[in-house]
> 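Mind looking over this structure? Questions follow.
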Amino acid sequence: VLHARALPLSPYPSKPRKRPGPAFDPAPVKDRIADCPARLDVISLKIIEKDRRKRIESFDTIVTEIRPILQKLKKDAADALAAKVAPLIQAKKTTEAGTLISEILELDPVNVVARHWRDILHSTKRGQEKALSLQMVRQGNDAMNQLRFEEAVHFFENAWDPDPSNAAFPVLIGNARDGRWPGRCA
């Protein structure tokens with residue numbers, strides 16, 4: 001009895017207490033993140049809605065609602081990056097352009113602009129590899145004419161690397177290793 005008078009509240013309440021909760025409504029996400037899509041702001045408020053009947057309770061529903069927003073954000077980011085590719089290619093910065101194109105296609109696999117630039121880079125790279133391969137073959141032929149067979153093998157092997165489907169290279173390499181050169185009289 002003494003403790004009941006000494007304490008302002010009874011340690012044994014007769015009726016259940018109301019759970020303490022926020023006395024205010026949460027601020028919209030848009031107040032904290034200015035470029036937050038409006039639909040995402042609405043969904044976030046539905047997730048934390050106080051009234052259970054209005055609240056989104058299923059994770060699958062949340063994912064279904066958020067997926068199109070995420071896809072649009074990725075597409076917009078990919079489009080912004082795609083605008084930076086052309087200047088890189090014009091500046092002959094193909095490595096940087098290739099990296100950027102990979103990022104774009106990771107964000108938006110069906111981005112037509114990035115696919116176009118990727119095809120151009122691949123054809124440019126194939127053309128450069130073919131030119132380098134032809135240069136190596138010429139150097140290998142020169143080495144063969146000067147009877148520097150080990151050097152010729154090196155040139156022919158390097159020329160073969162970018163184009164392993166070319167059946168002429170194994171013959172050239174074999175002739176160089178054997179010290180045979182069709183232009184040389186034995």
> Under the rule for side chain to side chain contact (heavy atoms under 4.5 Å, CB included), what residues qualify as partners of K125, not counting sequence neighbours?
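K125 satisfies side chain to side chain contact (heavy atoms under 4.5 Å, CB included) with E129 once adjacent residues are dropped.
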
> Pairs of donor and acceptor atoms involving the side chains of residues 86-97, under 3.5 Å and at least two apart or interchain, shall be tabulated with distances.
none

> I need the minimum non-hydrogen distance between I173 and F156, along with the two atoms involved.
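Shortest heavy-atom separation between I173 and F156 comes out as CG1-CB, 3.5 Å.
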
> About how many Å separate NZ of K84 and CH2 of W117, when rounded to the nearest 0.5 Å?
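With rounding to 0.5 Å, CH2 (W117) is 16.0 Å from NZ (K84).
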
> Of all residues at least two apart in sequence or in a different chain, which pass the salt bridge (charged side-chain N to carboxylate O under 4.0 Å, His left out) check with E151?
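Salt bridge (charged side-chain N to carboxylate O under 4.0 Å, His left out) list for E151, sorted by chain: R148.
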
> Quick one: pull up CD in Q71 and CG in D108 and give me the separation to the nearest 0.5 Å.
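One finds 9.5 Å between CD of Q71 and CG of D108.
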
> So do E103 and T99 actually touch side chain to side chain, heavy atoms under 4.5 Å?
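Contact flag for T99/E103 side chains = yes.
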
> Other than V63, what residues sit in its cluster of Ile, Leu, Val, Met, Phe, Trp and Tyr side chains whose heavy atoms are under 4.5 Å apart, directly or through others?
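Other cluster members: F59.
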
> Minimum heavy-atom separation for L107 and A77, please, with both atom names.
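Minimum heavy-atom separation between L107 and A77: CD1-CB, 4.0 Å.
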
> Quick check: do R55 and I47 have side-chain heavy atoms less than 4.5 Å from each other?
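No; the side chains remain at least 4.5 Å from each other.
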
> About how many Å separate CG of N141 and CE of M136, when rounded to the nearest 0.5 Å?
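Those atoms lie 13.0 Å apart.
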
> Rounded to the nearest 0.5 Å, what separation is found between the NE2 atom of H116 and the CD1 atom of I120?
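Here the interatomic distance stands at 3.0 Å.
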
> Sequence neighbours left out, what pairs pass salt bridge (Lys or Arg N to Asp or Glu O under 4.0 Å) with at least one residue falling in residues 29-41?
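Those involving residues 29-41 are R39-E65.
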
> I56 and L40: same hydrophobic cluster, using ILVMFWY side-chain contacts below 4.5 Å?
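Linked, I56 and L40 end up in one cluster.
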
> Using a strict 4.0 Å threshold on nitrogen-to-oxygen distance, state whether R138 and D142 make a salt bridge.
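No, R138 and D142 are not salt-bridged.
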
> Applying salt bridge (charged side-chain N to carboxylate O under 4.0 Å, His left out), name anything that partners K72, two or more places apart in sequence or on another chain.
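For K72, the residues satisfying salt bridge (charged side-chain N to carboxylate O under 4.0 Å, His left out) (neighbours in sequence not counted) are D76.
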
> Can you name the nearest heavy-atom pair linking R115 to L105, along with the distance?
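Of all heavy-atom pairs spanning R115 and L105, the closest is CG-CD2, 3.9 Å.
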
> Which heavy atom of A114 sits nearest to which heavy atom of I104, and what is that distance?
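Taking A114 first and I104 second, the nearest heavy atoms are CB-CG2, 3.4 Å.
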
> What heavy-atom pair brings S133 and A159 nearest, and what distance separates the two atoms?
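Looking at all heavy atoms of both residues, the closest pair is OG-O, 2.9 Å.
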
> Quick check on side chain to side chain contact (heavy atoms under 4.5 Å, CB included): which of I69, L70, I66 does P37 satisfy it with?
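Output: one option passes, namely I69.
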
> Can you tell me how far CD1 of I62 sits from CD of E57, rounded to the nearest 0.5 angstrom?
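So the gap between those two atoms works out to 9.5 Å.
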
> Is the shortest side-chain heavy-atom distance between F149 and M144 below 4.5 Å?
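With C-beta onward as the side chain, the pair touches.
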
> Hey, what do you get for CG (N158) to CD (Q135), rounding to the nearest 0.5 Å?
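Answer for the CG-CD pair, N158 versus Q135, is 11.0 Å.
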
